Each structure stands twice: as structure tokens, then as C-alpha cells.
S.K.: 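One structure follows; several queries about it will come next.
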Amino acid sequence: MKSEPGTYAINDHERDGSTCWEGVRNYQARNLMRTMAVGDLALFYHSNAKPPGVAGVARVVREAYPDPWQWERDSKYYDPRSSRESPRWVMVDIEFVETFPRFVSLDEIRATPGLSEMVLVKRSRLSVQPVTREAFRTIVKMGGGRVRG
DNA sequence: GCCAACGTTGGC
DNA sequence: GCCAACGTTGGC
């Protein structure tokens, strides 16, 4: 799951403990969030950062439910075509799990043969992406993380 | 700030 | 249902 650290960094997430992942306005990303279950782990990725990369791990604590900002006229996430009866956009809640002792940069990920098939490498723009268990474990190991995926 | 690689919109 | 025009993302 990607976030721009200037907007919401993993430090902010650690401070908050848990947060709702609002503002996803892409159908593929939305569909992926719908498949998430409570307890699922996620890589917390810093996009638009210097350098970009994986900062740590979060865990899903609430499965997909309507993102209320889609109905807020003043929100940048407002979608006038979404109704209360059939909400178009969802969000999940995630909780902080850990910040890696070592940040895993996109460069390192690209340079790791076993990770060359990651969506992050092949279709980098998607803001919520699937990660295989194998790739997840590899990145946790690279980051010196403690969580077991 | 640039721009490639998308994703979305809307006219037809 | 096609596709041109436009908007956005995100690495660089």
C-alpha cells in the first residue's frame, strides 16, 4: 500500500496506531482492497519519496467499507457520481505493525532477481498492489523486519 | 519540473 | 465499443 511520506508517512501511521485508508479512486486498487481480510499484512510503501521504497508493515484490521469522503462535496476525494445507495469507493482500516530497521528502496527491489515480477516493478502506478507471500517475506528479510508473513 | 505510462471520459 | 483527448501517478 502506497503513501506519499509528505502526506502520510509510516511515522504518522505509528503515531496513529491505526488509520483508515481513504482516498483510493482507482478501480483495480479498490477491487484489491475488497479482497483484503482482517489480519492480512501489507507492505507500507513510500511513494514520491527520495528514495521511494518499503518502510515497514501494516495489518488490516477492518475489511472494506464505504469511504465517506466520496460524498463530501468539499473533499478532494468527492465523487458526484457515487450515491449512498450504491457506494463506488471503499477503504480498509490498517494498524501499524513495524518500521523496518533498514528501509528497502525501490532500487534494491529492482536489483533483487526474485522480485522482478512484482507489480511494483512491472506496473508501478497502482497504489494498492498484490504481493506474493514469497515477495513479502523477501522484503521483510531485506528490511530486517520481525513480522512473519 | 519533466514526462512515460497508464487510467478515465465522452463524443461518435 | 472505439479511441482521442485529457488527467494522474510517480520515478527521475
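Keep in mind the model is a prediction, meaning the values are calculated, not measured. Convention: sequence-line order gives letters A, B, ...; per-chain numbering from 1.
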S.K.: Taking only side-chain nitrogens and oxygens of Arg125(A), does any of them come within less than 4.0 Å of OP1 or OP2 of dC3(B)?
M.R.: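 False: Arg125(A) side-chain N/O out of range (4.0 Å or more) of dC3(B) OP1/OP2.
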
S.K.: Between the side chains of Arg123(A) and Gln28(A), does any donor sit under 3.5 Å from an acceptor?
M.R.: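 Yes - a donor-acceptor pair under 3.5 Å links their side chains.
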
S.K.: Does a side-chain N or O from Arg123(A) land closer than 4.0 Å to OP1 or OP2 of dG7(B), or not?
M.R.: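 Checking Arg123(A) against dG7(B): at least one side-chain N or O falls below 4.0 Å of OP1 or OP2.
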
S.K.: Could you check whether Gln28(A) gets within reach of a base, just the sugar-phosphate, or nothing at all, counting any heavy atom under 4.0 Å?
M.R.: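 Sugar-phosphate contact only - Gln28(A) comes under 4.0 Å of backbone atoms but never of a base.
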
S.K.: Can you tell me how far P of dG7(B) sits from CD of Gln129(A), to the nearest Å?
M.R.: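 Going from CD in Gln129(A) over to P in dG7(B) covers 11 Å.
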
S.K.: Specify the separation, in whole Å, of atom CG of Leu126(A) and atom P of dT8(B).
M.R.: 10 Å

S.K.: Round to a whole Å and report the spacing from CZ of Arg88(A) to C1' of dG7(B).
M.R.: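 So the CZ-C1' distance, Arg88(A) to dG7(B), works out to 14 Å.
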
S.K.: Could you tell me whether a side-chain N or O of Glu98(A) sits under 3.5 Å from a main-chain N or O of Val147(A), the two making a donor and an acceptor?
M.R.: yes

S.K.: How many whole angstroms separate atom CG of Asp79(A) from atom P of dT9(B)?
M.R.: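 Checked: the CG to P distance equals 8 Å.
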
S.K.: Can you tell me if Lys2(A) touches the phosphate of dT9(C), counting only side-chain N or O atoms and a distance under 4.0 Å to OP1 or OP2?
M.R.: no

S.K.: About how many Å separate CZ of Phe103(A) and CE of Met142(A), when rounded to the nearest 0.5 Å?
M.R.: 11.5 Å

S.K.: Round to a whole Å and report the spacing from CG of Asn31(A) to P of dG7(B).
M.R.: 12 Å

S.K.: Is the distance from OP1 or OP2 of dT8(C) to the nearest side-chain N or O of Arg25(A) less than 4.0 Å?
M.R.: no

S.K.: Between Met1(A) and Phe44(A), does a side-chain contact (heavy atoms from CB on, under 4.5 Å) hold up when you go through it step by step?
M.R.: CA-CA 5 Å; Met1(A) 301 177 82; Phe44(A) 195 109; 6.0 Å; no

S.K.: Between Met118(A) (CE) and dG10(C) (C1'), how many Å, whole number?
M.R.: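 My rounded result for the distance is 16 Å.
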
S.K.: Please state whether the phosphate of dG11(C), meaning OP1 or OP2, lies under 4.0 angstrom from any side-chain nitrogen or oxygen of Tyr45(A).
M.R.: yes

S.K.: For Tyr27(A) and dT9(C), give me the distance from atom OH to atom P, rounded to whole Å.
M.R.: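 Taking OH of Tyr27(A) and P of dT9(C), I get 15 Å after rounding.
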
S.K.: Tell me whether the rings of His13(A) and Phe96(A) are parallel (<30°), tilted (30 to 60°) or perpendicular (>60°).
M.R.: perpendicular

S.K.: In whole angstroms, how far is the P atom of dT9(C) from the NE2 atom of His46(A)?
M.R.: 17 Å

S.K.: Return whichever of Arg81(A) or Asn48(A) has its heavy-atom-nearest nucleotide of DNA chain B closer to the 5' end.
M.R.: Asn48(A)

